[in-house]
Amino acid sequence: MRGIMEINANPDILGPAPLTEPERQYYFMEKCRQMVEKISGEKGRMLTCSIQTLGCQMNAKDSEKMTAVLEKIGYRETEDPVADLVLFNTCTVRENANLKIYGRLGYLKNQKKKNPDMKIVLCGCMMQEADEVERVRKSYPFVDLVFGTHNIYKLAELLYTQFESGRPVMDVWEEAKEIVEDLPGKRKYPFKTGVNIMFGCNNFCSYCIVPYVRGRERSREPEEILREIEELVGDGVTEVMLLGQNVNSYGKTLSAPISFAELLRRVNEIEGLERIRFMTSHPKDLSDELIDAMAQCGKVCSHLHLPLQSGSSRILEKMNRRYSKEDYLALVERIRAKMPDISLTTDIIVGFPGETEEDFEETLDVVRRIRFDSAYTFIYSKRSGTPAAAMENQVPEDVVKERFARLLREVQAISAQITGKWVGQTVPVMIEEKNEQDESLVTGRLSNNAVVHLPGDEGMIGRIFPVKLTESRGFYYMGEAVR
Ligand code: 5AD
Ligand code: SF4
């Protein structure tokens, strides 16, 4: 794991804190570093931090950024869930994500009794909900620091305030302010990373809490994105995942608007970069211009994640998705006309309020017609404050479970049939890591995101090799590099 974009490495911390970002945060990182150094001197060991992330790729990216800040402050990251600083980056898209956090907090309460210096930090989407923050304040007073999604960049400053006061600090902003560039970066993998291109979402799908907790759509300037990717490539990155809740509407709100298709073309030109992925696309905004750009840009991977949510036009309307079953089928047809081999994956919700057996069968119909490479299936979860939570005809639990099982069977059967289709062919594979179970193997990914295990060594990581796929084992392939 390496850091990038280290600016202002030695700020003057005797004077007042700078008012501009990111200088202000570098100042507080240095202030915190001195404190951590002192405590670690007293304890005679380095302080550890555990970063536990729930939810989507955006959260994973935010956690990478926060890890970089904590390491700069002097913490050493550990896989152990108990550490001197435990940070939970939370998700609230479905209720079970919230329940998980309270379970873990209960466990940490006892651990903190053994190590009273332990700091417990909660941040991310769940903390944007006033009810949850209130619950933490009342029932979990041993939590030291709470912040939301909009002020993650202030981690060092907030932590310093907590260190100084010795009391719980809670700072949740209702709205996003500036996009702060040039904070330290860190990567889980040396050769691939996510790059935020936009934040927030304006779609207000009626079941979804994201627009309330991540705020309105804001795009980063294309020059900033390109500069970041160029620097990453200079530091050994060969694959990037462009991240946004709705990448297809990238750039619309910038003072000099630019389309996502145009951004893709520019990223595709970066020398040394080998693969480009992106996530997530909304079907209503996926333009023909983007389909052309994907088909023409050699580095853009042969994979598209295109959430369907439901196959019933009636339910799609209640979901406020702004496309019909027919629109979705026609869109996939246009995509496949230009990219016949593209791998398509999707998200589907079962049991949205008012979903009838007929509606559900429409979903099964789309699944059978499109034949997704894989699908993430979710049971509808009522999120308070969203329009769907107030809808009548919530579907009984036993009905939802039965439909969910039927959908899963269908989706898995199709996936298994599709995975086998490349056996015998030689395809480009990015080698990602050493195989966890077998030392003699490495694990890589096809452009279409499928996984393959093959004999190899660490030196191959981060590079693309032609690999012959010798066998399909359901969800992955076995293969061998062709030299
Ligand atoms: N209930 C169930 N699934 C949901 N998703 C979003 N909100 C909910 C909800 N309230 C799913 C959607 C989305 C994915 C990230 O999570 O399918 O695409
Ligand atoms: Fe939620 Fe819809 Fe926005 Fe996706 S597009 S984050 S499902 S509101």
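Order of appearance sets the numbers: ligands from 1, and atoms from 1 within every ligand.
- Heavy-atom contacts of Arg383 reach the following atoms of ligand 1: 10 (N) (cutoff under 4.0 Å).
- Nearest to atom 9 (C) of ligand 1 by heavy-atom distance, out of Pro307, Ser381, Ser206, Cys208, is Ser381.
- Nearest protein heavy-atom contact of atom 7 (S) of ligand 2 is Tyr207 OH, 3.4 Å.
- Classification of Glu239 and Arg445 as a salt-bridged pair fails, no side-chain N sitting under 4.0 Å from a carboxylate O.
- Of the protein's non-hydrogen atoms, Gln245 O, 4.5 Å is the one closest to atom 4 (Fe) of ligand 2.
- Side-chain contact between Ile335 and Met339: present, with at least one pair of heavy atoms (C-beta onward) separated by less than 4.5 Å.
- Residue contact check: Tyr380 has heavy atoms under 4.0 Å from atoms 1 (N), 2 (C) of ligand 1.
- Note on Glu223 versus Arg227: no salt bridge recorded, every NZ/NE/NH1/NH2 to OD/OE distance being 4.0 Å or above.
- Heavy-atom distances between Ile379 and ligand 1 reach below 4.0 Å in at least one pair.
- Aromatic ring centres of His305 and Tyr376 lie closer together than 6.0 Å.
- Using the six-membered ring where Trp is involved, Tyr323 and Tyr328 have ring planes that are tilted, between 30° and 60° apart.
- The shortest contact between atom 1 (Fe) of ligand 2 and any protein heavy atom is with Cys208 SG, 2.3 Å.
- At a 4.0 Å heavy-atom cut-off, ligand 2 does not touch Arg214 at all.
- Considering Ile209, Ile348, Thr386, Val93 only, the shortest heavy-atom separation from atom 6 (C) of ligand 1 involves Val93.
- Checked against the 6.0 Å centroid threshold, Tyr212 and Phe204 count as a close aromatic pair.
- Taking every non-hydrogen atom of Pro211 and a distance limit under 4.0 Å, the qualifying atoms of ligand 2 come out as 8 (S).
- A salt bridge links Lys186 with Glu77: the closest approach of a Lys/Arg side-chain nitrogen to an acidic carboxylate oxygen falls below 4.0 angstrom.
- Listed by number with element, the atoms of ligand 1 under 4.0 angstrom from any heavy atom of Phe378 are 3 (N), 11 (C), 14 (C), 16 (O), 17 (O).
- The pair Glu355-Arg403 meets the salt-bridge criterion, with a side-chain N (NZ, NE, NH1 or NH2) lying under 4.0 Å from an Asp/Glu carboxylate O.
- In terms of protein heavy-atom proximity, atom 8 (S) of ligand 2 is closest to Cys205 N, 3.4 Å.
- Judged by the 6.0 Å and 45° rule, Arg94 forms a cation-pi pair with Phe378.
- Counting protein heavy atoms only, atom 17 (O) of ligand 1 is closest to Gln309 OE1, 2.7 Å.
- Of the heavy atoms in Lys382, none comes closer than 4.0 Å to ligand 1.
- Lys188 has no carboxylate O lying under 4.0 Å from a charged side-chain N of Glu64, or vice versa, which leaves the two without a salt bridge.
- Taking backbone and side-chain atoms together, Cys201 has no N/O/S atom less than 2.8 Å away from atom 1 (Fe) of ligand 2.
- At a threshold of 4.0 Å, the pair Glu269-Arg265 does not count as salt-bridged, since none of the basic side-chain nitrogens sits closer than that to a carboxylate oxygen.
- Regarding atom 5 (S) of ligand 2, its nearest protein heavy-atom neighbour is Asn203 ND2, 3.4 Å.
- Checked by distance only, ligand 1 and Tyr207 come closer than 3.5 Å through their nitrogen or oxygen atoms.
- By the 6.0 Å contact criterion, CD on Glu357 is enclosed, its count of non-hydrogen atoms from other residues, nucleotides or ligands being greater than 12.
- Remark: ligand 1 atoms within the under-4.0 Å shell around heavy atoms of Ile349 are 3 (N), 4 (C), 5 (N), 12 (C), 17 (O).
- Taking every heavy atom of His282 and a limit of under 4.0 angstrom, the matching atoms of ligand 2 come to 5 (S).
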